> 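Take this structure, written in structure tokens, and hold onto it; I'll ask about it next.
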2 protein chains.
Amino acid sequence: MQAYNVFKDLAIIIISAKLMGILARKINVPQVVGEIIAGLIIGPSLLGWVQQTDFLSQMAEIGVVLIMFSAGLGTNLKDLKKTGLTALFIAFIGVLLPLIFGYLLCIAFYGFSPLGSPDFYKALFIGVILTATSVSITVQTLAEMGKLKSKLGTTIVSAAIIDDVIGIIVLAIVIGIGTGSQDTSIPIVVLKNLSFFAISLVGGIVMYKIFKKIDSRYRHTQRIPIFGLSLCMALSYIAEKFFGVADITGAFVAGVILCNIRDSEYIERKIDINSYMLFGPVFFAGIGLRTNIQGISGEMILFSICFILVALLSKIIGCGAASKLCKNNLSDSLKVGVGMMTRGEVALIVAQKGLSVGLIDSAYFTPVILLIILSSVLTPIILKMLYNKDEKSLTA
Amino acid sequence: MQAYNVFKDLAIIIISAKLMGILARKINVPQVVGEIIAGLIIGPSLLGWVQQTDFLSQMAEIGVVLIMFSAGLGTNLKDLKKTGLTALFIAFIGVLLPLIFGYLLCIAFYGFSPLGSPDFYKALFIGVILTATSVSITVQTLAEMGKLKSKLGTTIVSAAIIDDVIGIIVLAIVIGIGTGSQDTSIPIVVLKNLSFFAISLVGGIVMYKIFKKIDSRYRHTQRIPIFGLSLCMALSYIAEKFFGVADITGAFVAGVILCNIRDSEYIERKIDINSYMLFGPVFFAGIGLRTNIQGISGEMILFSICFILVALLSKIIGCGAASKLCKNNLSDSLKVGVGMMTRGEVALIVAQKGLSVGLIDSAYFTPVILLIILSSVLTPIILKMLYNKDEKSLTA
């Protein structure tokens with residue numbers, strides 16, 4: 001009966017995220033960075049005014065789903081077709097390199113472990129944590145700069161989506177073999193993923209036709225964004241519940257299904273208002289909230305630094321090189337690499353899974369959380385710098 | 001780690017509420033009725049697809065706060081000044097009559113109990129449950145019909161707000177005397193309520209000046225609705241936490257504070273989008289969700305019918321007569337009476353409080369829930385009929 005307590009948390013989150021967001025923009029840094037740092041300030045790391053609660057996590061989950069739905073709605077299907085193969089290649093290399101380098105990092109720290117031994121899987125699991133790109137912060141940054149719907153933006157978002165799927169398959173494989181469990185065997189996981197996309201394709205065409213019919217009759221009415229939002233929620237749920245695919249992937253697919261109807265921009269606008277008013281700040285500040293930077297041991301700091309360096313560089317080099325091989329120029333390839341280096345809630349979920357099956361220790365949460373914060377803060381700053389540099393050289 | 005489960009609930013709630021809302025409008029009944037019935041259908045009463053969860057209750061709480069904030073934003077202060085005394089009188093009579101009739105109902109059912117006996121306070125408490133009008137459904141209905149900002153709409157909303165405050169004072173008095181507790185003594189409760197409004201007045205003027213300054217510099221920017229929303233959340237929290245005043249009263253006051261800035265309509269629009277997309281359906285369907293109409297004993301049905309009749313008629317007669325005495329015509333007075341007869345979450349909270357201090361039995365939850373549903377369904381239908389009749393006689 002103390003439902004009113006959420007209002008304290010929300011009031012503090014909304015106002016501090018917005019104020020820090022405004023401050024961030026003043027010093028030419030994307031708003032999201034300000035919002036994440038706001039979470040750090042009001043959270044247990046500093047002031048301790050707001051604690052992460054179940055309610056806030058669920059609001060944050062809705063927030064990230066809305067962001068991905070909006071990104072899907074803004075997708076240009078023609079560009080996606082053009083960038084599809086490139087994105088697949090970038091995603092593949094962008095998973096392979098972090099996996100290998102994560103494993104090598106563990107060997108460097110804890111000594112070599114023979115192939116197939118328990119320590120081998122533990123080391124490999126550190127690599128698995130590093131595989132999945134969190135596209136949401138990159139999406140938000142690209143959207144803020146008006147570059148989300150560019151060809152490069154589409155490439156990055158598609159690659160990150162594919163990368164999530166590959167990452168989930170790798171996770172299932174490593175857990176399946178590493179723990180010898182049955183229900184996560186490789187063929188089943190691959191099959192589940194493939195069937196999700198197959199069913200999305202068929203169901204998506206049906207849904208698209210239904211929405212097109214509603215769309216042609218009613219324009220700019222409440223029902224279209226509301227039906228769109230239910231489709232987004234339904235696909236988020238179905239993806240994760242029945243296919244083991246991340247909910248945010250389902251939300252993105254829902255957006256892609258609707259991206260070609262006449263009112264897609266209208267839906268996007270309504271979703272964006274819901275995002276920036278409440279759910280977005282809760283999600284981004286939530287990243288900062290989730291951590292207590294005061295609780296790190298000296299020993300873990302060295303590992304964390306190397307872990308973060310490996311995480312960032314393996315994505316920049318892997319995805320950047322893959323992009324360069326696909327005939328993008330060096331500047332664009334660098335943007336792809338930086339755009340793909342963000343890690344987010346998926347890395348945390350992977351770490352959580354590894355903990356629950358006994359593959360890693362809870363001590364490894366700290367470097368993961370630090371990686372999420374640092375990559376979330378650095379990606380927007382570096383991306384903005386890269387784009388600004390380009391524009392300067394164009395005007396020069 | 002199964003945050004995705006909320007997406008199933010939300011997808012079902014959003015789509016069913018909208019579909020039933022559309023259906024309701026087709027048969028000339030306000031949308032909210034459809035949304036409440038959607039909750040009944042998908043909830044434990046019928047299909048059992050969605051169960052009320054903590055998360056959904058908290059979302060619903062945000063929903064009702066947003067509705068009240070929006071109502072406050074749309075307030076015409078000049079009208080409020082004009083209607084203030086009338087509203088106070090309507091609210092006063094509208095509390096007194098249900099209190100007396102609720103007590104008489106209990107005497108009729110369970111026999112007379114001498115003044116000051118434990119049974120006397122139990123009977124009186126049934127009256128207390130009946131005192132507080134839930135304005136949110138009436139607000140939504142008036143808004144749908146475009147009558148919220150009319151003089152009559154303002155009168156009803158102000159009266160319902162004042163009525164809440166009186167209701168809370170009466171609750172505290174009855175609980176304070178009935179259970180002999182210390183911290184809810186009459187003078188303290190009255191003092192707390194008065195100080196909330198005094199502080200709101202002073203703080204409100206300061207806040208108004210700050211917002212006016214921001215408003216004059218930036219127009220139609222995200223920051224104004226976002227700062228407004230934090231003010232709403234903060235006041236909702238402060239009202240309930242420090243003054244024991246309902247959070248929705250705080251939200252309404254926050255709206256009134258901002259109703260005269262240049263961008264008030266802009267804030268209202270953004271809040272309304274958040275409302276109708278997600279929080280509104282969750283709130284209205286939540287009323288239907290919260291109940292299981294299959295679990296009622298035959299014995300309780302008779303009491304429930306009488307309880308509901310007393311509840312509705314005492315408000316219609318009390319508020320209607322008070323309005324007529326204030327020189328409104330008969331048709332408008334009837335609208336005031338019907339507009340004030342809705343009961344909502346406040347009645348449930350009061351019943352909960354009575355249960356927790358041992359004044360009533362949990363069996364009395366059923367008639368309260370039925371009253372909420374029935375009054376929520378009937379108020380919009382009857383109000384619409386009354387307004388339609390008026391317009392017909394005007395055009396005739």
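Naming convention: chains lettered A, B, ... in sequence-line order (proteins, then strands); numbering from 1 in each chain. Keep in mind that this is a model prediction, so the values were computed, not measured.
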> Only counting residues at least two apart or in another chain, list the ones meeting salt bridge (charged side-chain N to carboxylate O under 4.0 Å, His left out) with A:Asp272.
none
> What residue, out of A:Leu19, A:Leu229, A:Ile12, has the most heavy-atom pairs lying under 4.5 Å from chain B?
A:Leu229
> With heavy-atom distances below 4.5 Å as the criterion, would you say the side chains of B:Met59 and A:Met59 are in contact?
yes
> With rounding to the nearest 0.5 Å, note down the distance linking CZ in B:Arg223 to OH in A:Tyr276.
12.0 Å
> With rounding to the nearest 0.5 angstrom, report the CG to CG distance, A:Leu66 to B:Leu278.
7.5 Å
> Which one of A:Asn274, A:Ile271, A:Ile238, A:Ile15 has the most heavy-atom pairs closer than 4.5 Å to chain B?
A:Asn274
> Any side-chain heavy atom of B:Asp9 sitting closer than 4.5 Å to one from A:Met233?
no
> Below 4.5 Å from any heavy atom of chain B, which atoms of A:Ile62 appear? Answer side chain, backbone, both or neither.
both
> Once you round to the nearest 0.5 Å, how far does CD1 of B:Ile226 lie from CD1 of A:Ile22?
8.0 Å
> Are B:Met277 and A:Lys270 side-chain neighbours, meaning at least one heavy-atom pair lies under 4.5 Å?
yes
> Going through the distances and angles, do B:Phe69 and A:Phe7 end up as a ring pair (Phe, Tyr, Trp, His ring centres under 6.0 Å)?
CA-CA 13 Å; B:Phe69 181 47; A:Phe7 297 121; over 10 Å; no
> Measure distances from A:Asp247 to the heavy atoms of chain B and classify the residue's part below 4.5 Å as side chain, backbone, both or neither.
side chain
> If you round to the nearest 0.5 Å, how far is CD of B:Gln222 from NZ of A:Lys18?
4.5 Å
> Which distance, rounded to the nearest 0.5 Å, do you find between the OG of A:Ser230 and the CG of B:Leu10?
10.0 Å
> Between A:Tyr4 and B:Tyr237, how do the two ring planes meet: parallel, tilted or perpendicular, split at 30° and 60°?
tilted
> Could you pull out the closest heavy-atom pair between A:Ala234 and B:Ala11, with the gap in Å?
N-CB, 3.7 Å
